[in-house]
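Written out below as structure tokens is the structure these notes cover.
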Amino acid sequence: MKCILMNKNTEVLVCEYNTNLNVFDKMYEIINIDYAPLILKNYYEEDKDTLALLRRLTEWFKGRGIPSWRDKIDLLLQRLNIETAEELLDKAFGLSLSDQYWIKPYDSNLKYDDINFFDNDFDYAEFLEASLSLNSKIVKKETSLKTPNNTTDGMLKKAWIIEDGTRYLLKSGYKNEILQPFNEVLASMICDRLDFNHVPYTLDVYKDTVVSKCPCFITKDTELITAYQIRNDMKRHDNTDDYEEYIKKLEENGIPNAREKIENMYILDFLIMNEDRHLNNFGIIRDVNTLKWLDVAPIFDNGMALNIQSYDDEELIISGMGRLFYEVKPFDEIIKVVHNIKRIDVSKLSDIPEEFDKLLHKYQSITKMSDKRIYRLCVLLNRQINKLKKIIEEA
């Protein structure tokens, strides 16, 4: 299929997409590489190799799809009546709610305004059930496969829905773990108190499953560019230098208060012991029309936190460490990247453990979480708040 890679209404390049192999295998014309995904633009400017660009284009496009490590992916594919998640990518022109890239058939008169998921509603009910329900029939309606749910990343079961015109992402816990949605709301509570820019999360119940719920933070005029894409074209150093060079890159592109906003993310990670701050769940927001870097993306994706291995022993046994770019490090080390920790008023968090306790107990009839576990989680949270308080006092 001859097609055009589009960024909203801007033609980026003309190529051939092999629908049998799900690869781009021929380049006809490069029209405006500046409007390509940043990672593709950087690759091409480095070596001007069109064959390499085709390989990278295929990798990027496949990376937009549901990953093979998605929780219960085999069951989801069975319910969607398809063999591989890659089959979904061209069902809705590769459109996403994280950016404005799409694949336009070469001879088509399609217009972005007529098909994008920011302005146009989509049929999500069957995909939602296939993804999050314990029992689901095979999807019958073809329209159910033409949604932004085809381009969602991550291991958690999730689905985009529409309520009162707003696009919301619902996410469940991982496998039999039910804590992740609560951690997202806890992160929002902390960010609200400390005035950190963040994506607001609430809780919802879908067919006896507690899920987190957050609005889409991208508009039809913006895109999320992940730290992975930004770091990809920068020389790799030891871990701390990578962090510093990343901040320098943001500052050079006009991001206001970049250091403080990145520090806020790591302060939150310290407080909730978030183990999964990888390079694809933070980044920046860019204007797709002007290509101007606008701001650090609001803090999002905070579910893999408060991981206690044992709830039966008197002493808390904590698993995992945090991430600082490519390196896994103790949280007590990561917090040291914060230059001015005294700017944080930790007293604003004094009742957060109590509020979290209330939240966990509110849904206890659904989650079946034991009183002992809830107590231990709140003890751990309180411990981290007190540790931060001590760090601030000694700074």
Is the closest side-chain donor-acceptor distance between Asn274 and Arg323 under 3.5 Å? no

To the nearest 0.5 Å, tell me how far Glu126 CD sits from Ser131 OG. 13.5 Å

Keeping Arg64 on the side-chain end and Gly94 on the backbone end, is there a donor-acceptor pair under 3.5 Å? yes

Check whether the side chains of Ser212 and Glu184 place a donor and an acceptor atom closer than 3.5 Å, and report yes or no. no

From CE (Met273) to CE (Met321), nearest 0.5 Å: 10.5 Å

Test side-chain contact (heavy atoms from CB on, under 4.5 Å) applied to Gln180 and Lys171, step by step: CA-CA 9 Å; Gln180 283 93 348; Lys171 291 194 301 182; over 6 Å; no

Does atom CG of Asn120 have more than 12 heavy-atom neighbours from other groups under 6.0 Å away? yes

Do the charged groups of Glu129 and Lys207 touch, with an N to O distance under 4.0 Å? yes

If hydrophobic clusters are built by linking Ile, Leu, Val, Met, Phe, Trp and Tyr wherever their side-chain heavy atoms come under 4.5 Å apart, do Ile66 and Leu169 end up in the same one? no

Neighbour count above 12 (heavy atom, 6.0 Å) for Lys362 NZ: no

Taking OH in Tyr106 as the centre, count heavy atoms belonging to other residues, nucleotides or ligands within less than 6.0 Å. Is the count above 12? no

Has the side chain of Lys158 got a donor or acceptor atom that lies under 3.5 Å from a matching backbone atom of Asp153? yes

Do Ile284 and Asn253 have side chains that get closer than 4.5 Å, going by heavy atoms? no

Measure from the side-chain N and O atoms of Asn81 to the backbone N and O of Ile138, and report whether any donor-acceptor pair falls under 3.5 Å. no

Worked verdict on Asp121 versus Arg167 for salt bridge (charged side-chain N to carboxylate O under 4.0 Å, His left out): CA-CA 9 Å; Asp121 291 348; Arg167 278 70 179 146; 3.3 Å; yes

Could you tell me whether the side chains of Arg56 and Asn42 share a donor-acceptor contact shorter than 3.5 Å? no

Centre of Phe118's six-membered ring, under 6.0 Å away, within 45 degrees of the axis: is that where NZ or CZ of Lys220 sits? no

Residues Glu142 and Lys91 bridged, charged N to O under 4.0 Å: yes

Test item: Lys2 and Val14 side chains (from C-beta on) under 4.5 Å apart, heavy atoms: yes

For a 4.5 angstrom cut-off between non-hydrogen side-chain atoms, does His278 reach Met304? no

State whether the side chain of Thr58 and the backbone N or O of Leu54 hold a donor-acceptor pair below 3.5 Å, judged by distance alone. yes

Take Ile334 and Phe270, measure what side-chain contact (heavy atoms from CB on, under 4.5 Å) needs, and give me the verdict at the end. CA-CA 8 Å; Ile334 294 175; Phe270 175 86; over 6 Å; no

Scanning both residues in full, the closest heavy-atom pair of Pro67 with Gly154 reads CG-O, 3.2 Å

Asn197 vs Lys261 side-chain heavy atoms within contact, under 4.5 Å: no

Just verifying a value: how many Å separate Leu5 CG and Lys104 NZ, rounded to the nearest 0.5 Å? 12.0 Å

Validation row: Trp60, Tyr43 side chains within 4.5 angstrom (heavy atoms): no

Specify the closest pair of heavy atoms between Pro37 and Gln229, including all atoms of both residues, with the distance to one decimal. C-OE1, 4.2 Å

With a 6.0 Å cut-off (strictly less than), is the heavy-atom count around CG of Asp208, excluding the residue itself, greater than 12? no

Applying the side chain to side chain contact (heavy atoms under 4.5 Å, CB included) test to Leu381, which of Leu349, Asp357, Ile352 qualifies? Ile352

Sole residue of Tyr101, Trp102, Tyr17 in ring-ring contact (aromatic ring centres under 6.0 Å, His included) with Phe61: Tyr17

If you measure from the Lys or Arg side-chain nitrogens to the Asp or Glu carboxylate oxygens, is any gap between Glu333 and Lys336 under 4.0 Å? yes

With distance as the sole test, does Asn116 use its side chain to make a donor-acceptor pair with the main-chain N or O of Asp119 at under 3.5 Å? yes

Polar side chain donor-acceptor pair, Asp164 to Thr166, under 3.5 angstrom: no

We want to know whether Arg70 and Thr152 form a side-chain donor-acceptor pair, criterion being a heavy-atom distance below 3.5 angstrom. yes

May I ask you to check whether over 12 heavy atoms, not counting those of Lys8, lie within 6.0 Å of atom NZ? yes

Would a line drawn from the ring center of Phe122 to the ring center of Trp160 be shorter than 6.0 Å? no

Whether Glu355 and Lys358 form a salt bridge (side-chain N of Lys/Arg under 4.0 Å from carboxylate O of Asp/Glu) is what I want to check. yes

Report yes or no: does Tyr35 contribute a side-chain atom to a donor-acceptor pair with the main-chain N or O of Asn289 at less than 3.5 Å? yes

If you count every heavy atom of other residues, nucleotides or ligands that lies below 6.0 Å from Asp195 atom CG, does the total exceed 12? no

Would you tell me whether Gln364 and Asp371 have side-chain atoms, one donor and one acceptor, within less than 3.5 Å of each other? yes

Kindly indicate, with the supporting measurements, whether the criterion side-chain contact (heavy atoms from CB on, under 4.5 Å) is fulfilled by Arg277 and Asn302. CA-CA 8 Å; Arg277 186 61 65 196; Asn302 315 290; 2.6 Å; yes

Going hydrophobic residue to hydrophobic residue with side-chain gaps under 4.5 angstrom, can you get from Leu57 over to Leu95? yes

Counting only heavy atoms from other residues, nucleotides and ligands, does the tally under 6.0 Å from NZ of Lys292 exceed 12? no

Taking Tyr124 for the side chain and Ala159 for the main chain, is one N or O donor matched with an acceptor at less than 3.5 Å? no

Any Ile267 side-chain heavy atom under 4.5 Å of Ile335 side chain: yes

Answer yes or no: is there an ion pair linking Lys41 with Glu45, defined by an N-O contact shorter than 4.0 Å? yes

Are Leu88 and Leu132 linked, directly or through intermediate hydrophobic residues, by side-chain heavy-atom contacts shorter than 4.5 Å (ILVMFWY only)? no

Leu128, Ile73: one ILVMFWY side-chain cluster at the under-4.5 Å cut-off? no

Report yes or no: does Asn183 contribute a side-chain atom to a donor-acceptor pair with the main-chain N or O of Ala305 at less than 3.5 Å? yes

So for atom NZ, which belongs to Lys26, do other residues, nucleotides or ligands contribute more than 12 heavy atoms lying within a distance under 6.0 Å? no

Using the rule that two of Ile, Leu, Val, Met, Phe, Trp, Tyr join whenever any of their side-chain heavy atoms come within less than 4.5 Å, decide whether Met265 and Ile255 are in one cluster. yes

Tell me if a side-chain donor or acceptor on Glu177 pairs with a main-chain N or O of Leu179 at a distance below 3.5 Å. yes

Closest heavy-atom pair and its distance - Leu250, Ala258: CB-CB, 3.9 Å

Below 4.0 angstrom, N of the basic side chain to O of the carboxylate: do Arg193 and Asp351 qualify? yes

Using a 3.5 Å distance criterion without hydrogens, assess whether the side chain of Tyr201 forms a donor-acceptor pair with backbone atoms of Asp301. yes

Steps toward side-chain contact (heavy atoms from CB on, under 4.5 Å) verdict (Lys249, Trp293): CA-CA 11 Å; Lys249 184 82 169 181; Trp293 292 26; 4.2 Å; yes

Is there side-chain contact between Thr151 and Phe117, with at least one heavy-atom pair below 4.5 Å? no

So Asp90 and Ile103, do their side chains get closer than 4.5 Å, heavy atoms only? no

